[in-house]
J.: 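Before I ask anything, here is the structure I am working with.
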Amino acid sequence: MKHFMRFFVFSAIALGLSACGDDSSSADPMEGESSAIVEEDFSSSSLEEFPESSSSSETELPADTTAKISYTLKGFEGPLANPHKGFTVVTDAPWIFDPAVEYGPYGAWNNRAWDLVTYGSGYRKWSDLHKGEGVYDWTELDELLAALAEHNMGYALRVFPYSTSFIRANDTPTENYDWTPKFVYEKGAKNKKATVKGNSLLESGTQAQVPVWDDAVYLKYAKEFATALAAKYDGDPRIEYIDIRTFGEWGEWHVSNLEGSQMPSLEIQKDIVKHYASEFKKTQLVIPSDGYGEIYTYALSLGVTKRDDGMIGIPGTADSLVRAYKAGLPTIAENMGQYSIMLTYTDVIPGDYLKWTPDRWVDAIKTAHLTYYVLDQDEECAYQFYKDNKALADSMTHVIGYNFKITDAELLTISQGTAITNKLNITVKNTGVAPCFFDVYMVAEIVDSTGTALAQLGETIKIPKATFKDGDVKEFSFATSVPAKQTNVAELPGVSVALSLYESEEAFKAGKNPTVRFDNDGIQPNKKLLLKQ
């Protein structure tokens with residue numbers, strides 16, 4: 001009778017457990033109306049499904065009794081920014097976080113576009129990083145990476161050898177646009193003159209110095225730089241991905257505005273991609289927009305993915321990235337131009353570009369199965385874009401990349417012989433458009449009314465990278481068996497269950513907060529999802 005009464009008390013407590021329905025800003029994380037459905041099942045169940053207890057009790061519990069709590073789950077409302085996916089804006093230096101920068105995250109404009117930003121992006125000049133043979137200066141880049149990390153953001157790195165954007169006339173200083181290190185030319189690398197076009201600010205007939213892209217000395221030091229870059233940053237968690245930008249204007253593997261300059265042969269292009277792939281074992285590598293055709297195929301074979309910077313403006317651009325998605329790699333995109341400029345496009349093809357529209361933006365994300373997307377390229381860091389399209393942009397944070405939503409959750413408390421087993425069953429769906437391209441560690445915990453963990457429920461579950469694909473539905477279980485004579489914390493008044501997603505098991509063991517959030521209501525300030533009473 002005593003044991004039956006204890007089970008009855010737990011059943012009464014269980015009636016108070018409910019799904020995560022309250023706003024996470026509530027002062028009391030356990031406060032809220034009950035929405036749980038509690039069922040008691042006294043039928044027999046298989047002992048093989050649950051671990052046996054090595055402890056014994058003088059008096060056994062009633063055989064095979066089960067209490068079940070089914071949680072009602074809602075989706076999370078508002079922007080849901082998660083790591084290693086999503087949107088970026090141009091972040092050139094740590095000064096972007098200075099409150100004096102009005103369009104920065106702490107500036108006077110209150111620029112909420114930053115709520116969507118998960119990583120920074122931008123370019124570095126090759127000449128700024130590579131000072132001499134075997135001599136490198138990573139100081140400014142490290143400062144930027146540290147500042148971004150302090151704000152829970154990574155960085156997408158592009159190192160440019162050249163840019164036509166700063167050429168104005170024949171007397172424009174070469175260091176303004178040719179960012180091949182000077183020592184490379186001093187070591188014998190050749191350059192040539194090319195006629196510059198495609199820039200309305202140019203004087204007619206302007207010529208500029210251009211590297212000879214297939215010169216043996218140029219290639220030697222381009223490889224030396226790649227080796228040093230990998231030695232410094234391969235596997236650095238602050239780096240999201242690195243573009244291979246060895247050739248052409250902006251390192252985009254084209255010379256369309258440099259009449260008289262030629263891209264190197266396909267074999268040389270392959271050799272550079274192969275060299276990068278041999279040096280970088282962990283960090284994701286990317287070939288830029290104009291890496292099409294056979295070099296694209298070759299890059300995919302080495303695990304190097306593709307980006308495209310002609311999104312929306314050029315018809316069919318999103319489709320070009322599907323090959324990378326099918327190869328199991330993240331896809332990356334940037335619009336044809338700044339949002340404000342794209343709104344002026346005429347939709348007349350050829351001769352102009354397609355203008356930006358909400359439907360085209362959504363289609364680009366879904367068609368290309370994008371993991372990463374530049375929110376806008378303007379100097380004001382997407383302020384006007386977000387002001388015009390807030391609701392749409394917020395909704396796309398739940399679509400781009402991976403997006404884990406719990407669709408079902410139930411907690412079983414099973415009394416069998418001399419043991420009590422707590423078992424949490426959950427069903428999770430990836431409702432995003434791409435797989436999760438990093439390992440995820442899922443943890444379930446019994447927590448008190450303040451959200452403090454009392455005990456881990458079951459073991460940590462590892463989900464290997466790229467195995468939880470878009471559209472997949474997976475079931476997970478967390479089970480812990482407690483000898484009947486010991487206190488079962490799941491039966492204590494006011495307790496509930498919290499679910500978390502970590503990027504490493506070490507972070508959980510060290511007591512750190514999770515970094516990934518479920519797409520469910522009930523997310524706490526520490527990013528744990530509370531299935532609360």
Side-chain angles (χ1 to χ4, degrees), residues 88 90 119-126 129 155-165 177-180 198 210-211 213-214 218-219 222-223 225-226 229-230 233 239-258 261-266 268-277 279-280 283-314 316-325 327 329-338 353 364 368 370-374 377:
T88 182
V90 178
Y119 69 106
S121 61
Y123 70 84
R124 304 282 111 181
K125 300 176 183 179
W126 181 15
L129 300 174
Y155 185 68
L157 176 63
R158 294 172 286 174
V159 180
F160 289 2
Y162 198 89
S163 173
T164 56
S165 301
Y177 59 86
D178 186 356
W179 297 332
T180 302
V210 185
W213 304 108
D214 59 2
Y218 177 89
L219 294 170
K223 287 183 176 181
F225 175 74
L229 188 67
Y233 293 115
I239 300 286
E240 288 292 329
Y241 53 84
I242 295 177
D243 281 27
I244 303 173
R245 293 272 180 158
T246 309
F247 308 118
E249 303 171 54
W250 310 288
E252 287 184 346
W253 292 42
H254 71 85
V255 288
S256 55
N257 296 302
L258 293 169
S261 178
Q262 295 82 34
M263 279 286 290
S265 68
L266 176 62
I268 289 176
Q269 295 178 40
K270 285 184 175 181
D271 186 55
I272 283 291
V273 173
K274 181 179 179 181
H275 181 75
Y276 265 86
E279 298 291 338
F280 283 89
T283 299
Q284 181 65 57
L285 296 172
V286 185
I287 58 170
S289 293
D290 281 70
Y292 285 120
E294 192 171 340
I295 190 62
Y296 186 3
T297 301
Y298 183 71
L300 293 180
S301 73
L302 298 178
V304 178
T305 194
K306 181 75 161 59
R307 71 176 292 136
D308 207 306
D309 297 344
M311 203 61 65
I312 299 177
I314 301 175
T317 302
D319 298 287
S320 73
L321 292 174
V322 175
R323 291 181 61 200
Y325 163 75
L329 297 169
T331 57
I332 303 159
E334 191 170 316
N335 283 339
M336 187 70 204
Q338 296 175 10
Y353 300 109
L370 288 178
T371 293
Y372 299 102
Y373 203 174
V374 177
Q377 304 172 39

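Counting begins at 1 with the first residue of the sequence.
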J.: Keeping the roles fixed (side chain from Thr305, backbone from Ala324), state whether a donor-acceptor pair exists under 3.5 Å.
T.: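 No, because the side chain of Thr305 does not come within donor-acceptor range (under 3.5 Å) of the backbone of Ala324.
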J.: Is the number of heavy atoms from other residues, nucleotides or ligands within 6.0 Å of NZ (Lys274) greater than 12?
T.: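 No, NZ of Lys274 has 12 or fewer neighbouring heavy atoms, counting only those of other groups under 6.0 Å.
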J.: For the backbone of Ile295 and the side chain of Gln269, can you confirm whether one donor and one acceptor N or O come within less than 3.5 Å of each other?
T.: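 Pair absent, no side-chain N/O of Gln269 close to backbone of Ile295.
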J.: Can you find a pair of side-chain heavy atoms, one from Val304 and one from Tyr276, that are under 4.5 Å apart?
T.: no
J.: For a ring-ring contact (aromatic ring centres under 6.0 Å, His included) with Phe247, tell me which candidate from Tyr162, Trp253, Trp126 qualifies.
T.: Trp253
J.: Where does the angle between the aromatic ring planes of Tyr218 and Trp213 fall among parallel (under 30°), tilted (30 to 60°) and perpendicular (over 60°)?
T.: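 Tyr218 vs Trp213 ring planes: perpendicular.
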J.: Donor-acceptor pair, Ser121 side chain versus Ala156 backbone, under 3.5 Å?
T.: no
J.: Would Ser163 and Trp179 count as having a side-chain donor-acceptor pair, cut-off 3.5 Å?
T.: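 Not at all, the side chains of Ser163 and Trp179 share no donor-acceptor pair under 3.5 Å.
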J.: Ignoring hydrogens and angles, tell me if any N or O in the side chain of Tyr296 forms a donor-acceptor pair with the backbone of Ser320 under 3.5 Å.
T.: yes
J.: List the residues meeting salt bridge (charged side-chain N to carboxylate O under 4.0 Å, His left out) with Arg158, not counting sequence neighbours, and say none if there are none.
T.: Glu334
J.: Between Lys125 and Pro161, is there a donor-acceptor pair closer than 3.5 Å when you use the side chain of the first and the backbone of the second?
T.: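 Checking the backbone N and O of Pro161 against the side chain of Lys125, no donor-acceptor pair under 3.5 Å is found.
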J.: Can you confirm whether Tyr233 is buried at OH, in the sense that more than 12 heavy atoms of other residues, nucleotides or ligands lie under 6.0 Å from that atom?
T.: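 Enclosed.
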J.: Can you label the angle between the Trp250 ring and the His254 ring as parallel, tilted or perpendicular, going by 30° and 60°?
T.: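 Correct class here is tilted.
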J.: Does Glu279 reach the side chain of Lys223, with side-chain heavy atoms less than 4.5 Å apart?
T.: no
